[in-house]
Amino acid sequence: MADDRPVLYVVGGGLSGIACAEFLSRGGGRPRKVVLLEARPRLGGRTSSYRESHDGLTHDTGQHLFMDGYVSTRALLRTLGTEDQLSFLDPLSLYLMDRKGKLSFLELPLHNGQMGLLSGIMKFPGLSLLSRLSMLRIGRALPDRESSVDHLDARTFLRNNGQTSEAIDKFWELLIVSATNLPSDRVSAALLVTVLKESLFSASGPKTLGYNTVPLASLIAEPAVRLLSKRGVDIRCQTPVSRLKIERNRISGMLAGKEAVAMGPEDHVIMAVPPWSFEDLFPMERINDPLIQNVERLSRPSPIVSVHLWFRDPVAAPMITGFSESPMHWVFNRDLMMGRALPAVPRERTLVDFSYSSPNSEFYPARMLSCVSSGAEELLEEGDDTLMEMAVSTVQRLAPGGSKKKLSFARVIRERYATPVFPPGQGVWRPQPQSFLSNLWVAGDMGDTGLPATMEAAVRSGFRAASEVEIRLERRTIEERTSGPRARGEGVR
Ligand SMILES: Cc1cc2nc3c(=O)[nH]c(=O)nc-3n(C[C@H](O)[C@H](O)[C@H](O)COP(=O)(O)OP(=O)(O)OC[C@H]3O[C@@H](n4cnc5c(N)ncnc54)[C@H](O)[C@@H]3O)c2cc1C
């Protein structure tokens, strides 16, 4: 029998497109016909992994951290069967090193609600008492409506709310550039407020951070292909979509790879591509449509630079160390995160005298460390050698064994198009799922979720666009049923 169900085309196989296809293919009483079109050879988009020739292993192109409060991402991973391959820090514990090389341990207990935050910050030795007290006060300054501070940059918001310069430079700046991929004086304060409400100052107490213990491709793209294929989703990789044809306020056709696709009257397109890909899809005469203009304004990406380092002998490093007032922001102990056991490192090779013990406070041996710089516009044009030197000297401040002489290999990965960013006043340009065309929907991390452009923003916006399409389809079915033959003009003389 001919399959006359409407076709739902999801364009873009990143996290957002995967979330969208997963939602639409759930079936329930009404299995949908879903086609997922991806330009690249693989799904996953910016959550990507590669095979490293140096050690023959699969590594992520860039370290991704997950927040405990990523409810939609975690729900998606649960459906994909991989949520248990995330590991969350309990207690939330990090080392932070300042410009002068002072290393301080921050530990926030998770099970005492706001008391955990209070006690953790008060015990943090990296800031003066005045700065610590000011940090605690910021919780009370968070407005109910984030949009009320969208006109401000995050640094001004912090200053206006009594944060000391020390707290801003040694703590907030690192948190902000890592969470939003822009420095604090260039990013909207609305994003900072959202991040704080969903992390440190969540009503139920501080939320922790997590990381993937398998490569991102095994966490997301590969199980997504398995699940979606099983549900009958038609996944077409290496199929870039271009040349949308617009007629009578709807998309009537498009080019998918080399194939010209004619859209049926009930077919829909969900565009889950980043803003910089979005604008090329539309015909020139539509560039004045407000959605395209707004997306165009959002299409200036901010880069992330990662330098993966391999040492001949294991060096000792904590799982996660942040560096304030430094061009490199984080050093990750990749062997520890991926559960690759290495021989123990003698204690004398660590820098820290542990005053108290916590499960996450130790230094662990690693051959592979990864250094990351977010909002890295200034580093983008530096040569590989310079970036590698920068990364090694950052590691060396932490782990004396990590000298250049002992380095066996380095891989520099520049992600020029890492994330869209949202400076003050730009929140209003973030697109809703509905568009100016009746069968076009928009998803992706630029979508209007209020979050920075993150995995959670991508998944939330993918689910949201899919649920809006689902509502539209349901409404249509009900209209058809209730209108009956009389309203359709059948059987009426
Ligand atoms: C180095 C790095 C580190 C990051 N760290 C974190 C982190 O720690 N925590 C966090 O939450 N987030 C992090 N992010 C951000 C996160 O990866 C993204 O926000 C998220 O993956 C975006 O998903 P998306 O589906 O919206 O877009 P994408 O992943 O970009 O997916 C869009 C897909 O559309 C495809 N496409 C584009 N144009 C077309 C076309 N014309 N036809 C067909 N297909 C098309 C692309 O090939 C791509 O696969 C990081 C990003 C990077 C780069």
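Ligands are counted one by one from 1 in listed order, and the atoms in each one are counted from 1 as well.
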What residues, two or more places apart in sequence or in another chain, satisfy side-chain hydrogen bond (donor to acceptor under 3.5 Å, both in side chains) together with Asn333?
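Scan of Asn333 (side-chain hydrogen bond (donor to acceptor under 3.5 Å, both in side chains), adjacent residues dropped) gives none.
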Got Arg460 and Leu451 here, is their nearest side-chain heavy-atom distance under 4.5 Å?
yes
Taking every non-hydrogen atom, the tightest pair across Met263 and Gly253
CG-N, 3.6 Å
Using a 4.0 angstrom limit on heavy atoms, which residues are close to ligand 1?
Val11, Gly12, Gly13, Gly14, Leu15, Ser16, Leu37, Glu38, Ala39, Arg40, Gly45, Arg46, Thr47, Gly62, Gln63, His64, Leu65, Tyr70, Thr239, Pro240, Val241, Ala272, Val273, Pro274, Ser277, Leu281, Ile304, Glu415, Ala418, Thr419, Gly444, Asp445, Ala453, Thr454, Met455, Ala458
Using the side-chain hydrogen bond (donor to acceptor under 3.5 Å, both in side chains) rule, take Gln63 and Ser370 through it: C-alpha gap first, then chi angles, then the decisive distance, then the call.
CA-CA 8 Å; Gln63 176 69 51; Ser370 185; 5.7 Å; no
Relative to the ring of Phe363, is the ring of Tyr95 parallel (under 30°), tilted (30 to 60°) or perpendicular (over 60°)?
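The rings of Tyr95 and Phe363 stand perpendicular, inter-plane angle above 60°.
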Between Ser435 and Trp441, a side-chain donor and acceptor under 3.5 Å
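No - no donor-acceptor pair under 3.5 Å links their side chains.
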